[in-house]
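Values reported hereafter were calculated over all heavy atoms of this structure, with side chains retained and with hydrogens, waters and symmetry mates removed.
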Amino acid sequence: MAEAALYDTYSRAPLRFERGEGVWLITEAGERYLDFGAGVAVTSVGHGHPHVVGALKEQADKVWHLSNIYEIPGQELLAKRLTDATFADKVFFTNSGAEALECAIKTARRYQYSKGHPERFHIITFEGAFHGRTLATIAAGGQEKYLEGFGPKAPGFDQVPFGDLDAVRAAITSETAAILIEPIQGEGGVRPATNEFLKALRAICDEHGLLLIYDEVQTGVGRTGKLFAHEWSGATPDIMAVAKGIGGGFPLGACLATAEAASGMKAGTHGSTYGGNPLAMAVGGAVLDVVLADGFLQQVRDVSLVFRQGLASLKDRYPDIIEDVRGEGLLLGVKAAVPSSELLQAIRDAHLLGVPAGDNVVRLLPPLVVTADEAREGLVRLEHAAESLRASKAKKTA
């Protein structure tokens, strides 16, 4: 009955989790589930990480909220750490990925405006993208299922096929301000852009005076085995949106930019009531302590290799269930040879959690602290799921 008081916007699984420990979630009834969904790539350092919990508790005893009317030392510290570790010179803190993308879009448009080109507000985006649920970000993503029923699509976003350089070049006009891309499309089915494609986009932006924006909301903060996914290509952006893993479960996002790209964002052009609050800054700093520690990202890469090898073996042994394996690091996608909803339910029945995606894909996004043994346990449960689906198919054809 309590659910009746909620908006009917979610199709929820009938699971109620009471607590989490590392890569595990425990239901009210005490059942343990291996969490390879991580709140859709959010709980980057696992559930209840003692260092992160300690940082939050320590800050909670001091001050929770300060308006951005005042200086907030935690923002300055975290921004400095992010700029030291990335291409960026400037950071704006938000509460979510969609807000970070809104800031990125505004930063790009304001840059062109400040350079005397107010007509340059169009942003080239890619089919299959997902950039958030605000009116601007659903327009940027361009997927009809998210746009339907919300009135006219916000103008200024031009979609082209993912990976098509000729289409990118053809879409550039005198009104184009920037190109926006996810280095790996998560919601779109764990589809990576090639390093060559990202490098080509960087060259195109330089040639035409455009800004390159990366959406690293899902791919960032160690998820692919580098701090940010674009580092694999060496093609740096002008602006980057970050969220999810940076807060480890606490609402936190950020828009990072070079000083030049952010030069149009003067006092009064943008703001946020809660963005950069002291609690979020303490948690974000603690997450970086973990992710930037010596050997951490190498461990992500090592476990990923174990995981990928195991998934490849399952694909070979269950081609009737698993069609393909995709992704980088611990952002992995299993393209199902059966309806992905059936695979998702089967792994859930095996007490393993994953996340649905487009293109009939199930995402596997364990916390970055997952061990090789825990990855192997996940593979065992995935194999049980594949066996159960194969047996079910055999029954239907018998």
Side-chain angles (χ1 to χ4, degrees), residues 40-41 94 96-109 121-148 150 153-172 176-195 197-198 200-202 204-205 210-220 223-224 228-230 232-233 235 237-245 253 255-256 326-328 331 333 335 340 355-361 363 365:
V40 193
T94 69
S96 68
E99 289 179 42
L101 262 299
E102 289 274 342
C103 181
I105 291 163
K106 290 177 73 173
T107 298
R109 290 179 171 180
F121 69 93
H122 280 247
I123 296 176
I124 296 172
T125 61
F126 294 88
E127 293 172 3
F130 180 82
H131 297 298
R133 298 279 194 158
T134 66
L135 290 174
T137 53
I138 61 173
Q143 296 192 46
E144 188 57 40
K145 64 182 178 180
Y146 299 126
L147 289 163
E148 182 183 5
F150 296 113
K153 176 184 168 184
F157 299 98
D158 305 313
Q159 278 84 30
V160 299
F162 189 64
D164 190 332
L165 279 177
D166 290 336
V168 171
R169 292 189 181 98
I172 296 171
T176 305
I179 297 173
L180 167 61
I181 188 170
E182 301 158 279
I184 302 172
Q185 288 190 343
E187 179 80 16
V190 191
R191 299 196 301 163
T194 66
N195 292 340
F197 187 69
L198 295 180
L201 292 183
R202 177 69 273 171
I204 288 170
C205 286
L210 311 179
L211 297 180
L212 180 59
I213 308 170
Y214 286 151
D215 176 346
E216 290 238 27
V217 168
Q218 186 164 154
T219 58
R223 178 55 53 184
T224 68
F228 291 101
H230 72 266
W232 291 104
S233 71
D238 301 291
I239 305 169
M240 179 171 68
V242 182
K244 289 187 181 287
C255 179
L256 283 64
R326 307 169 173 173
E328 188 73 57
L331 172 51
K335 182 173 172 61
S340 60
V355 180
D359 200 28
N360 206 46
V361 166
R363 279 173 283 181
L365 311 163

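- Without hydrogens or angle criteria, Lys244 side chain to Val40 main chain gives a donor-acceptor distance under 3.5 Å.
- Residues Asp238 and Arg202 are paired through a salt bridge, judged by an N-O separation under 4.0 Å between the basic side chain and the carboxylate.
- Remark: the backbone N or O of Lys335 is not paired with any side-chain donor or acceptor of Asn360 at under 3.5 angstrom.
- Across every non-hydrogen atom of Leu210 and Thr176, the tightest pair is CD2-O, 3.3 Å.
- For the pair Thr125 (side chain) and Ala140 (backbone), a donor-acceptor distance under 3.5 Å is present.
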**Message:** Run His230 and Thr219 through side chain to side chain contact (heavy atoms under 4.5 Å, CB included) and show every step you take.
**Reply:** CA-CA 9 Å; His230 72 266; Thr219 58; over 6 Å; no
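- For the pair Pro161 and Phe126, the tightest heavy-atom approach, listed with the atom from each and the gap, is O-CD2, 3.6 Å.
- Phe162 and Glu127 get closest at one heavy-atom pair: CB-O, 3.8 Å.
- Nearest heavy atoms, Phe157 versus His122: N-ND1, 4.4 Å.
- When atom types are taken as modelled, the side chain of Arg363 and the backbone of Gly333 share no donor-acceptor pair closer than 3.5 angstrom.
- The shortest heavy-atom contact between Cys103 and Cys255 is SG-CB, 3.6 Å.
- With hydrogens and angles disregarded, a donor-acceptor distance shorter than 3.5 Å links the side chain of Arg326 to the backbone of Gly189.
- In terms of modelled atom types and a separation under 3.5 Å, the side chain of Gln218 and the main chain of Ala41 share no donor-acceptor contact.
- The shortest distance between side-chain heavy atoms of Ile204 and Ile172 falls below 4.5 Å.
- Here Glu182 does not pair with Arg191 in a salt bridge; the nearest charged N to carboxylate O distance is not below 4.0 Å.
- Tyr214 places a side-chain heavy atom less than 4.5 Å from the side chain of Leu198.
- Asp215 and Pro183 make their closest contact through O-CD, 3.4 Å (heavy atoms, listed as atom of the first residue, atom of the second, distance).
- Looking only at distances, no side-chain donor or acceptor of Glu148 sits under 3.5 Å from a matching main-chain atom of Gln143.
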